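To start, the structure under review is shown below, and the notes come after it.
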Amino acid sequence: MKEYTWRGCTVRITKKNVKNANFRIRPEEPQIIYVSIPYSMTYEAAGKILEQPRVLRWVENYQKKVSEPPARPRMQNEEALQHMAIYRKRLQEVLPSLFRRWEAALGVKCGKVTIRDTRSQWGSCSIRTKNISISVWLGAFPEECIEYVVVHELAHLLEAGHNERFYGILDRHYPIWRSCREKLKKGIS
């Protein structure tokens with residue numbers, strides 16, 4: 001293993017039985033970048049990969065996302081648990097029909113849908129398993145915001161990245177997505 005400081009972050013490079021270099025940042029440790037590289041790759045080559053524009057953007061975007069988590073009501077534990085239960089129940093009621101509608105509209109089929117107490121994002125999609133996770137705190141928002149997150153995550157089954165094609169899919173199928181995203185950024189009032 002090799003460890004060094006890079007752009008204010010700690011980089012930990014480990015050689016493993018992998019085909020390509022893999023990068024991970026854990027939400028609980030956003031200042032540490034974990035890099036797994038094939039045994040055949042040098043540590044210096046791994047360091048050069050970090051300087052690639054797409055990797056730099058990924059690191060910056062991830063750290064920004066983690067440092068600005070979804071707005072969450074500030075409550076005492078018991079009150080927070082009560083709100084979570086209400087939000088979870090609401091999501092359990094609205095999500096099934098939203099997923100059915102948008103899977104048909106987009107021509108995709110997701111795997112398992114879970115509702116979690118996530119703090120770093122409103123939703124996530126695993127391209128490999130097609131499983132989608134939704135933040136329980138999304139239940140505090142209007143239905144069009146919930147629908148936006150559903151469409152956003154299902155669109156990842158058509159286009160993995162946040163690129164021009166991905167945003168074209170959102171523009172075509174859910175044109176109000178920008179206003180919904182702004183509401184989510186502003187948080188719970």
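Predicted, not measured: the structure shown is a model, and the values here were computed from it.
At least one side-chain heavy atom of Arg100 sits less than 4.5 Å from a side-chain heavy atom of Ser97. Between Phe141 and Val149 the shortest side-chain heavy-atom distance does not fall below 4.5 Å. Taking 4.5 Å as the limit, some side-chain heavy atom of Leu138 sits within range of a side-chain heavy atom of Leu184. Residues Leu157 and Lys109 fail the side-chain proximity criterion, which asks for heavy atoms closer than 4.5 Å. Side-chain contact check for Leu154 versus Phe99: some heavy-atom pair is nearer than 4.5 Å. For the pair Arg24 and Ser36, the minimum side-chain heavy-atom distance is below 4.5 Å. Residues Trp102 and Tyr174 form a side-chain contact, since some pair of their non-hydrogen atoms from C-beta on lies under 4.5 Å apart. By the 4.5 Å heavy-atom criterion applied to side chains, Tyr87 and Ile115 are not counted as neighbours.
Cluster membership for Val18 and Tyr34, using ILVMFWY side-chain heavy atoms within less than 4.5 angstrom, is not shared. Residues Leu106 and Ile127 are members of separate hydrophobic clusters, defined by side-chain heavy-atom contacts under 4.5 angstrom among Ile, Leu, Val, Met, Phe, Trp and Tyr.
Surrounding CZ of Arg116 are at most 12 heavy atoms belonging to other residues, nucleotides or ligands under 6.0 Å away.
Under the rule for a side chain to side chain contact (heavy atoms under 4.5 Å, CB included), the partners of Glu93 that lie at least two apart in sequence or sit in another chain are Lys89. Partners of Glu3 by salt bridge (charged side-chain N to carboxylate O under 4.0 Å, His left out), not counting sequence neighbours, listed by chain and number: Arg12.
Residue pairs satisfying the salt bridge (charged side-chain N to carboxylate O under 4.0 Å, His left out) criterion with at least one member in residues 39-50, sequence neighbours excluded, are listed as follows: Lys2-Glu44.
A donor-acceptor pair is defined here as one N or O able to donate and one able to accept, closer than 3.5 Å; such a pair exists between the side chain of Lys15 and the backbone of Tyr39. Without hydrogens or angle criteria, Arg181 side chain to Tyr148 main chain gives no donor-acceptor distance under 3.5 Å.
Of the candidates Trp122, Tyr167, Phe166, Phe166 is the only one forming a ring pair (Phe, Tyr, Trp, His ring centres under 6.0 Å) with His152.
The heavy-atom pair separating Thr118 from Gln121 by the smallest distance is OG1-O, 3.0 Å.
A donor and an acceptor atom, one from each side chain of Trp58 and Gln52, are nowhere located under 3.5 Å apart.
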